[in-house]
Amino acid sequence: PTHPTHRSTNNPIIRLFHEVKVLQQQLAAVEKQNLALRSQNSEMANNISIASMSWQWALSVLEGKTQHDLRNADFKYDIKLKTLRQEESDRLNTVYWLLAFTTLLSLASLL
């Protein structure tokens with residue numbers, strides 16, 4: 001045979017050439033894997049960014065609703081407080097009128 005095969009040769013240059021070729025194939029595979037991981041990493045970063053924006057939006061909506069609820073509760077509390085104060089004032093006025101009326105009756109009975 002005029003062309004020696006790789007497994008039958010003991011030529012160090014051919015063996016070295018073969019090893020370099022294997023290493024190049026391994027390097028190409030690692031680079032391909034690295035590219036896939038970078039792509040995956042970029043996609044994950046995008047997903048995290050989208051999730052973060054979604055959470056920020058949800059939080060702003062919740063904060064807005066909470067502020068609205070608090071303002072609404074304050075408004076209702078103010079109305080209730082005014083109503084209670086008015087009722088208290090009305091009761092005091094009734095007591096004063098009854099006191100004045102009974103005082104007048106007492107004075108009238110003395111005459």
Side-chain angles (χ1 to χ4, degrees):
T2 55
H3 297 289
T5 60
H6 289 298
R7 74 193 139 111
S8 66
T9 187
N10 284 332
N11 187 334
I13 293 175
I14 292 176
R15 275 200 321 254
L16 191 60
F17 177 75
H18 179 68
E19 286 177 21
V20 166
K21 204 167 189 152
V22 168
L23 287 173
Q24 283 175 335
Q25 289 171 346
Q26 289 175 345
L27 180 63
V30 167
E31 285 175 345
K32 186 177 179 183
Q33 193 176 17
N34 189 21
L35 189 64
L37 286 172
R38 281 186 183 183
S39 174
Q40 190 178 13
N41 191 17
S42 174
E43 187 178 337
M44 287 171 71
N46 265 351
N47 289 343
I48 288 170
S49 176
I50 290 169
S52 174
M53 287 188 294
S54 297
W55 273 108
Q56 287 172 351
W57 176 81
L59 277 175
S60 70
V61 168
L62 191 60
E63 284 173 354
K65 182 176 175 1
T66 302
Q67 291 297 324
H68 176 266
D69 289 350
L70 284 173
R71 281 192 300 273
N72 202 17
D74 279 351
F75 181 68
K76 286 180 181 176
Y77 175 77
D78 284 346
I79 289 176
K80 185 72 174 170
L81 196 58
K82 285 177 186 173
T83 303
L84 287 173
R85 283 183 179 153
Q86 186 61 49
E87 287 173 359
E88 182 183 18
S89 175
D90 291 348
R91 277 196 290 275
L92 277 174
N93 282 339
T94 303
V95 167
Y96 290 145
W97 277 111
L98 283 172
L99 190 61
F101 183 69
T102 52
T103 304
L104 282 175
L105 279 178
S106 299
L107 287 174
S109 68
L110 290 175
L111 297 176

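Counting begins at 1 with the first residue of the sequence. Predicted model, so just to flag it, every value in this text is computed and none were measured.
- One N or O on the side chain of Thr94 and one on the backbone of Asp90 form a donor-acceptor pair closer than 3.5 Å.
- Across every non-hydrogen atom of Asn11 and Ile13, the tightest pair is OD1-N, 3.0 Å.
- Atom-to-atom distance recorded for Leu99:CG and Thr103:OG1 is 4.5 Å, nearest 0.5 angstrom.
- We find the CG-CD distance between Asn93 and Glu88 to be 11.0 Å, quoted to the nearest 0.5 Å.
- In this structure, OG in Ser89 is found 11.5 Å from CZ in Arg85, a value given to the nearest 0.5 Å.
- The residues Asp69 and Lys65 are annotated as salt-bridged, a charged nitrogen and a carboxylate oxygen being separated by less than 4.0 angstrom.
- The closest donor-acceptor contact from the side chain of Ser49 to the backbone of Ala45 lies at 3.5 Å or more, if one exists at all.
- Side-chain contact between Val22 and Gln26 is present, with at least one heavy-atom pair separated by less than 4.5 Å.
- The backbone N or O of Ile48 sits nowhere less than 3.5 Å from a side-chain atom of Ser52 that would complete a donor-acceptor pair.
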>> Determine whether His18 and Ile14 satisfy the following criterion, side-chain contact (heavy atoms from CB on, under 4.5 Å), listing intermediate values before the conclusion.
In response: CA-CA 6 Å; His18 179 68; Ile14 292 176; 5.5 Å; no
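- Side chain of Thr83 to main chain of Ile79: a donor-acceptor pair is present (N/O by atom type, distance under 3.5 Å, no hydrogens or angles).
- Summarising the geometry, atom CG belonging to Asp74 is positioned 9.5 Å from atom CZ belonging to Arg71; distances are rounded to the nearest 0.5 Å.
- Atom CG of Leu105 and atom CZ of Phe101 lie 4.0 Å apart (nearest 0.5 Å).
- Taking OG of Ser39 as the start and CD of Glu43 as the end, the distance is 6.5 Å to the nearest 0.5 Å.
- Other residues sharing the hydrophobic cluster of Val61, ordered by chain and number and joined by side-chain separations under 4.5 Å: Trp57.
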